[in-house]
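All remarks here apply to the structure that follows.
As a basis for the values below, the full set of heavy atoms in this structure was taken, side chains included, without hydrogen atoms, waters or symmetry mates.
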Amino acid sequence: MTAMASLEGSGRALPTDYDSDPERFATNQAVTSRFSAQGDVHAEIARRLAEQGCRRVLDAGGGNGTLARLLAAEGVPTVVVDQAAYVAE
């Protein structure tokens with residue numbers, strides 16, 4: 001696979017990751033929340049990690065920090081590492 005994926009029929013190439021296109025990341029999150037059969041799974045993951053007694057979490061590729069914020073609400077400190085410029089601080 002190349003570093004770019006073609007969008008069928010458009011002739012336009014899209015990055016294969018979200019790091020260079022924050023708008024694409026935000027759009028994906030909005031579409032997932034609205035149309036996914038399961039919806040956003042971050043709250044369920046945070047709940048399960050807290051129930052299992054996790055004391056700290058490293059969220060590699062954590063994007064905008066959704067999971068980290070939910071874990072903080074559960075009392076679980078989290079570090080988000082992501083190469084994108086738009087990650088939560």
Side-chain angles (χ1 to χ4, degrees):
M1 179 181 246
T2 65
M4 303 293 272
S6 290
L7 185 61
E8 188 177 324
S10 75
R12 194 172 66 145
L14 294 175
T16 56
D17 64 48
Y18 298 112
D19 297 324
S20 60
D21 189 354
E23 219 27 63
R24 185 171 174 217
F25 178 83
T27 300
N28 179 66
Q29 289 219 308
V31 169
T32 298
S33 292
R34 185 166 181 198
F35 298 110
S36 173
Q38 292 182 324
D40 189 347
V41 298
H42 289 95
E44 178 65 16
I45 291 169
R47 184 188 62 75
R48 286 183 183 187
L49 289 171
E51 283 179 358
Q52 291 178 10
C54 288
R55 294 183 295 167
R56 265 180 258 154
V57 171
L58 171 62
D59 187 1
N64 64 2
T66 299
L67 180 60
R69 284 190 294 278
L70 292 166
L71 285 166
E74 296 281 348
V76 180
T78 304
V79 173
V80 177
V81 179
D82 198 300
Q83 69 179 6
Y86 56 88
V87 297
E89 295 197 17

Subject >> With sequence neighbours excluded, residues passing side chain to side chain donor-acceptor pair (under 3.5 Å) with T78 >> reply: none
Original post:
Looking only at heavy atoms, which two atoms of L70 and A46 are closest? And how far apart?
Top reply: CB-CB, 3.7 Å
**OP:** Output every pair passing salt bridge (charged side-chain N to carboxylate O under 4.0 Å, His left out) with a member in residues 55-68, not counting sequence neighbours, ordered by first then second residue.
**Re:** none
**OP:** Hydrophobic side-chain clustering at under 4.5 Å (ILVMFWY, transitive links): who's grouped with F35? Put none if nobody.
**Re:** V31
Original post:
Apart from L49 itself, what residues make up its hydrophobic cluster when side-chain heavy atoms of I, L, V, M, F, W and Y under 4.5 Å apart count as a link, directly or indirectly?
Top reply: V41, I45, V57, L67, L71, V76
**OP:** Tell me, please, which residues at least two apart from R47 pass side-chain contact (heavy atoms from CB on, under 4.5 Å).
**Re:** E44, E51
